[in-house]
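Below is one structure, written out as structure tokens; comments come after it.
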Amino acid sequence: MSAAKQSDDRSGRSLTPMHEDVSAWYGDVVARAELADRGPAKGTMVIRPYGYAIWELLQRQLDDRFKATGHQNAYFPLFIPESYLRREAEHVEGFAPELAVVTHGGGKELDEPLVVRPTSETVIGEMFAKWISSYRDLPILINAWNNVVRWELRPRMFLRTTEFLWQEGHTAHADEADAMAETRRMFDVYDEFARNVAAIPMVRGEKTPGERFAGALRTFTIEGMMRDGKALQSGTSHYLGTNFARAFDITFQDEHNALQHAHTTSWGMSTRMIGAVILAHGDDRGLVLPPRLAPHQVVVVPIGRGDALAGTTAEAERLARRLRERGVRVHVDTRDQSPGFKFNDWELKGVPLRVELGPRDLEAGVVMLAQRVGDDDEDGRARKHRLTPDELVDGVGARLDAYHDLLVARAEAFRADRSATVDDRTTFDAQVAVGFAHALHCGEPACEEAIQERTRATPRCVPTEGPDETGVCIECGRPSAYGRRVVFARAY
RNA sequence: CGGGGUGUGGCGCAGCUUGGUAGCGCACCUGCUUUGGGAGCAGGGGGUCGUCGGUUCGAAUCCGGCCACCCCGACCA
């Protein structure tokens, strides 16, 4: 980034405007909202308390969904013998370029190098083989919360770092139908989670062969649209067939004494989802957090000086206690800063609701309420509404829910505005420059590459829902594949 | 790996052309005054100028090597 394109005042108070330079804006927000810092080694990231609090909320709500669908958590090792990766041909090929390999330990060269897991299909396959011998052992439904390492050439905070946190689900089933049902079930869980927790409407679909997970037969993905019109893959669910079962001897005896290979699945969502939240909802004032992921859903700012401040602070604490009783995450900002500073700071940090409580309010028995987005005045500032403490406390749950719905509706409207069905190349090229293009495609990898070469757009997915349609490929004119339109976009 | 940049207090930068031993803004500390949209004044702390070597009486500045990081492409959750 050239110095000239950066904000005039990156050290000061203003963020780089999003329309000016999304990349600089993103970096500013991550730093100034105290989500994360760069680690000392290239591509590494320190997740700061505010950012980690978001991750914990995400983690908990996603984990609840895994438990509700019958999964159990377990932990598998960080180090994997290098030879394991080689056992599944496509899998090695896919991951070889981004592996970190440990060659020395305890001051000695290792007999066999150890790979730092880029994902755990192989170790888990090995363990499944040990644990499974009968159809009665199936299905086995496991999830692991861990860190993985993929050597990245071009890191970007949260979106693509060398080490990242995620969960990886791994299951084994007696037959294809059961494994496919699992693949789709978790795909639905991710989609539902993205919408109902992260407030991001997703395009649901299946990856084209070229974009599939290395070693998978089918890969399902949820793709969100970011504020710059680019797509972000936010969760994937794979049907692995018997590929890993054959590579790791995951076999069982069925009801008829016949030896069979298990059908496996895997599915993951990562800290990248935090990047999705930043890029899907943020604006020129900074972060915009969906209430279910906001570490503070409400911030109360007491105003005044001297005795008056002591009075408003005491009242703010009382109010906070009442809100907490309703299960709301509240923070009272008692820092020695001006009110104006705090308003801007919490807007930057994306807090959904702000309550101001000054001497005049205390006198009148009211509080002032402002919300982060969706209710601005002509000057682009949040409108302030006068409420009694009772009204605030009684209405806060509904207000947060409405705010969540507002974020979803806003993101849907934005996506609709930036999506189009296109049938000619000129329109296609213009469309992928600003958003999603729904187009017919022949399915040939070479043709996908030609499109990417020219427009930097890739097929994101073949939507799972939507009308059947056939015709000719937008690029080469040959008959279309998939029986559906394909969503093309530039992607993170 | 290709292309483009940058390395100077915590952050952002100036100084380098024309060598003379480091400065500005923000942040930080202290005090007083302030507090309804990023407070003011005064005082103060903090930097072997990425690194190694060379030139020179003297190097942030000139020369050479090395290293690191950032941005744009190819790979990826």
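All chains are named by letter (A, B, ...) in the order of the sequence lines, taking the proteins before the strands, and each is independently numbered beginning at 1.
The separation between D37(A) atom CG and C70(B) atom P is 13 Å, rounded to whole Å. Distance W346(A) CH2 to G37(B) P: 19 Å, rounded to the nearest Å. Between R383(A) atom CZ and G37(B) atom C1' the separation is 16 Å, expressed in whole Å. Rounded to whole Å, the distance from CD on E152(A) to C1' on C76(B) is 5 Å. One interatomic measurement links the two molecules: NZ of K230(A) to P of C76(B), which rounds to 16 Å at whole-angstrom precision. C76(B) atom P lies 20 Å from atom CE of M269(A), rounded to whole Å. Taking atom CH2 of residue W151(A) and atom C1' of nucleotide C1(B), one finds them 17 Å apart after rounding to whole Å. As a whole-Å value, the separation of I303(A) CD1 from G36(B) C1' is 5 Å.
Counting any heavy atom pair closer than 4.0 Å across all strands shown, G268(A) reaches no nucleic acid atom. Contacts of K384(A) with the nucleic acid, taken as non-hydrogen atoms under 4.0 Å apart, include base atoms. Contact annotation for R156(A): no contact, since no heavy-atom pair falls under 4.0 Å across all strands. As judged by a 4.0 angstrom heavy-atom cut-off over every strand, F164(A) is placed among the base-contacting residues. Using a 4.0 Å heavy-atom distance criterion, L232(A) is classed as making no nucleic acid contact. Across all strands, T221(A) comes closer than 4.0 Å to no nucleic acid atom at all (heavy-atom distances). If you check every strand for non-hydrogen atoms under 4.0 Å, E98(A) touches sugar and phosphate atoms only. D361(A) comes within 4.0 angstrom of a base, heavy atoms only.
C28(B) sits 40 Å from G64(B) when the C1' atoms are compared, rounded to a whole Å. Across the C1' atoms, U51(B) and U8(B) are found 14 Å apart, a figure rounded to whole Å. When the P atom is used for both C72(B) and G15(B), the distance is 26 Å, rounded to whole Å. Using P as the reference atom, G23(B) and C69(B) are 31 Å apart when rounded to the nearest Å. When the C1' atom is used for both C26(B) and A14(B), the distance is 15 Å, rounded to whole Å. Taking atom C1' on both U56(B) and C70(B), the two are 35 Å apart, rounded to the nearest angstrom. Remark: the separation of the C1' atoms in G50(B) and U35(B) is 43 Å, to the nearest Å. Nucleotides G5(B) and G9(B) place their P atoms 22 Å apart, quoted to the nearest Å.
Remark: the backbone N or O of E391(A) is paired with a side-chain donor or acceptor of T388(A) at under 3.5 angstrom. A donor-acceptor pair under 3.5 Å is absent between the side-chain atoms of Q297(A) and the main chain of A294(A), judged by distance alone. Q431(A) places a side-chain N or O within donor-acceptor distance of the main-chain N or O of F436(A), the cut-off being under 3.5 Å.
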Exercise for the section: Using Watson-Crick or G-U wobble pairs with both distances under 3.5 Å, give me RNA chain B in dot-bracket, 5' to 3', with [ ] for crossers and | for pairs to another strand. Expected result: ((((((((.[[[[.)....(..]]]].((((((.....)))))).....[[[[[..)....]]]]])))))))....
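Separation of atoms CG (N243(A)) and OG1 (T264(A)) is listed at 7.5 Å; rounding is to 0.5 Å. Between E168(A) atom CD and I142(A) atom CD1 the span is 11.5 Å, to the nearest 0.5 Å.
Minimum heavy-atom separation, H91(A) to A214(A): ND1-O, 3.0 Å.
Nearest-nucleotide positions on RNA chain B for L309(A) and D345(A) put L309(A) closer to the 5' end. Between Q452(A) and R360(A), the residue whose closest nucleotide on RNA chain B is further toward the 5' end is R360(A).
Here the side chains of Y26(A) and Y492(A) are not in contact, with every heavy-atom distance at 4.5 Å or above.
For R335(A) and D333(A), the salt-bridge test passes: some basic side-chain N is under 4.0 Å from an acidic carboxylate O.
OP1 or OP2 of C72(B) lies within a sub-4.0 Å distance of a side-chain N or O belonging to S23(A). Listed pair R38(A) / C69(B) fails the phosphate criterion, with no side-chain N or O lying under 4.0 Å from OP1 or OP2.
A donor-acceptor contact under 3.5 Å is formed by the side chain of E347(A) with the base of G37(B). Put simply, the side chain of S338(A) and the base of A39(B) share no donor and acceptor less than 3.5 Å apart. Residue-to-nucleotide contacts include a donor-acceptor pair under 3.5 Å from the side chain of R160(A) to the base of C76(B). Side-chain to base pairing of R285(A) with G37(B): no donor and acceptor N or O lie closer than 3.5 Å to each other.
The side chain of Q233(A) approaches A77(B) more closely than any other nucleotide in the set A77(B), G38(B), U34(B).
Within residues 362-373 of chain A, the residues approached by RNA chain B to less than 4.0 Å at the level of any non-hydrogen atom are M368(A), in residue-number order.
Aromatic ring centres of F488(A) and H441(A): separated by under 6.0 Å. Remark: aromatic rings of F158(A) and W55(A) are distant, center separation not under 6.0 Å.
Here the options are K207(A), R415(A), R204(A), the test is salt bridge (charged side-chain N to carboxylate O under 4.0 Å, His left out), and the partner is E223(A); only K207(A) passes. When R381(A), R383(A), R285(A) are each tested for a salt bridge (charged side-chain N to carboxylate O under 4.0 Å, His left out) with D376(A), only one passes: R285(A).
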